Number of protein chains: 2
Amino acid sequence: MARRTAYHHGDLRKALVDTGLSMLEELGLEELSLRKIAARVGVSHAAPEHHFPSLRHLLNALAVEGFGSFRQSMLSHMQAQPKLPADQMRAALRGYLAFATEKPHLFRLMFNRNRLDWQDPALCEAGEAAHAVLEEISLPVARRMGLDTPEGRASVEQLVWSQIHGHAHLLIDGKLPPEVATGCKPFAAPLDLASVLLPD
Amino acid sequence: MARRTAYHHGDLRKALVDTGLSMLEELGLEELSLRKIAARVGVSHAAPEHHFPSLRHLLNALAVEGFGSFRQSMLSHMQAQPKLPADQMRAALRGYLAFATEKPHLFRLMFNRNRLDWQDPALCEAGEAAHAVLEEISLPVARRMGLDTPEGRASVEQLVWSQIHGHAHLLIDGKLPPEVATGCKPFAAPLDLASVLLPD
DNA sequence: ATTCTCATCTTGGCGGTGACAAGATTGAGC
DNA sequence: GCTCAATCTTGTCACCGCCAAGATGAGAAT
């Protein structure tokens with residue numbers, strides 16, 4: 001697999017994805033180009049084409065990686081918290097925000113309908129795996145709220161997802177004062193959705 | 001002002017903005033180009049340059065128009081509803097969603113930090129005018145919730161804005177089932193934030 | 001009325017981009 | 001050792017935003 005010579009790179013696909021991820025955060029989506037990535041990797045401008053037939057394919061691969069890290073960010077925050085519904089929800093949402101603020105350009109790409117191809121099964125799978133975390137934290141909350149029906153679960157999940165997704169977007173677009181890391185409490189503001197839905 | 005000849009267009013600036021707005025929804029932001037707009041308007045590829053020194057300036061002008069329509073969408077929905085806090089909030093949020101679903105590409109542009117120049121006073125003013133509507137609907141809700149302090153008002157507004165902003169983004173990115181127009185009740189789902197914050 | 005001035009628009013050209021075509025290189029299977 | 005297919009290179013195309021230089025003509029100055 002690792003047959004690297006002056007001519008053959010060895011593992012160009014991985015190199016393109018890794019370099020693409022770091023250049024995405026460095027330059028932003030609009031300034032990112034296949035040719036710049038190829039240049040930094042040290043191959044010719046047409047070399048990526050064999051691995052990614054079009055720019056869209058490479059962006060898809062970046063988004064797949066992104067959804068993996070995204071899911072991990074939520075899960076690792078949850079692991080450090082008590083296994084109570086409200087705490088788990090707060091932790092997951094903090095992981096959501098942490099990822100968005102650490103990789104804002106990647107986060108935006110992952111939800112950019114115009115630049116990604118959601119027909120791609122790999123992207124669908126990665127996206128659904130991340131989505132499953134939201135379902136997981138919404139279920140016990142819906143149960144506590146007495147909304148333990150399919151519609152009830154869906155509405156709680158939709159409300160929670162909307163709120164945190166909007167919060168993330170507004171944050172990285174500079175519309176809200178920057179987040180402060182406040183340990184357990186996920187919001188500097190006195191109001192957070194978990195507390196509103198599940199008052200003690 | 002309207003000195004139109006074969007050589008001089010007459011009101012090229014307005015024509016570029018109007019054509020730009022319709023081509024934006026038609027083609028999407030990534031496929032929109034100054035040269036395509038100029039071609040449709042019927043001028044040479046460099047004609048826009050005098051009115052908009054760069055593409056960024058034109059996009060700014062489109063966003064300014066967008067924030068105007070956005071504000072109007074919220075206000076007109078509010079006007080058709082009883083002047084009660086929860087009703088006014090539901091109406092404004094429905095206007096928020098209506099704009100986003102009717103002009104998804106414009107909506108995305110208006111919150112695209114990379115493509116706009118928020119140093120532009122015209123854009124700031126238009127954005128703040130739209131934002132003021134959110135403050136207006138959040139104030140009475142915060143009051144009813146017993147959060148009538150600057151921090152309390154800010155947190156209610158932030159929670160409401162995040163929720164509806166995320167809902168709008170998820171909708172136009174195809175992550176939620178499409179909205180149905182349901183008259184007064186703003187959500188098909190049984191849960192909406194106004195009802196959660198202000199239970200009867 | 002004639003001339004002048006300058007905003008407006010045109011043509012031409014630059015470097016950069018994604019995509020495509022054709023040819024060079026090389027590892028792996030026979 | 002030969003062949004072959006995967007991989008990478010060079011070259012080219014149309015399109016893009018932006019810049020420079022020149023053409024046009026409306027309104028002010030005379």
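Each chain gets a letter, A, B and so on, in the order the sequences are listed, and its residues count up from 1. Because the structure is a prediction, the values reported are computed rather than measured. Only this structure's heavy atoms are used, side chains among them; waters, hydrogens and symmetry mates stay out.
In this structure, the nucleotide among D/dC8, C/dG18, C/dT10 sitting nearest to the side chain of A/H51 is D/dC8. Set against C/dA19, C/dC20, C/dC9, the side chain of A/A46 has C/dC20 as its closest nucleotide. Closest approach to the B/S54 side chain among D/dC18, C/dC9, C/dA19 is made by D/dC18 (side chain taken as heavy atoms from C-beta onward). Of the listed nucleotides (C/dC9, C/dA19, D/dG17), D/dG17 has the atom at the smallest distance from the side chain of B/S33. Between D/dC16, D/dC19, C/dC20, one nucleotide has an atom nearer to the side chain of B/K36 than all others, and that is D/dC16.
Put simply, CG on B/L16 is 12 Å from P on D/dG17, counting in whole angstrom units. For the pair A/E49 CD and D/dC13 P, the interatomic distance rounds to 16 Å; values are reported in whole Å. Going from atom CG of B/L55 over to atom C1' of C/dT17 covers 15 Å, rounded to whole Å. Distance B/E31 CD to C/dG18 P: 13 Å, rounded to the nearest Å. Distance, A/I37 CD1 to D/dC8 P: 15 Å, rounded to whole Å. One can place CG of A/L12 at 13 Å from C1' of D/dT9, the figure rounded to the nearest angstrom. Taking atom CG on B/D11 and atom P on C/dT8, their separation rounds to 10 Å, with Å as the unit. The distance from atom CG of A/L34 to atom P of D/dC15 is 19 Å, rounded to the nearest whole Å.
Two rings, from B/H77 and B/F99, have their centers 6.0 Å or more apart.
More than 12 heavy atoms of other residues, nucleotides or ligands sit less than 6.0 Å from atom CD of B/E26.
The base of C/dG16 does not come close enough to the side chain of A/H45 for any donor and acceptor atom to sit less than 3.5 Å apart.
Checked for salt-bridge contact, B/E135 and B/R153 miss the test: no charged N lies under 4.0 Å from a carboxylate O. Classification of B/R143 and B/D148 as a salt-bridged pair holds, one side-chain N sitting under 4.0 Å from a carboxylate O. Under a 4.0 Å N-O distance rule, the pair B/E30/A/R115 qualifies as a salt bridge.
Positionally, the nearest nucleotide of DNA chain C for B/G42 lies more toward the 5' end than for the other of A/P53 and B/G42. Residue order along DNA chain D, read from the 5' end via each residue's closest nucleotide, puts A/H50 first among A/H50 and A/R35.
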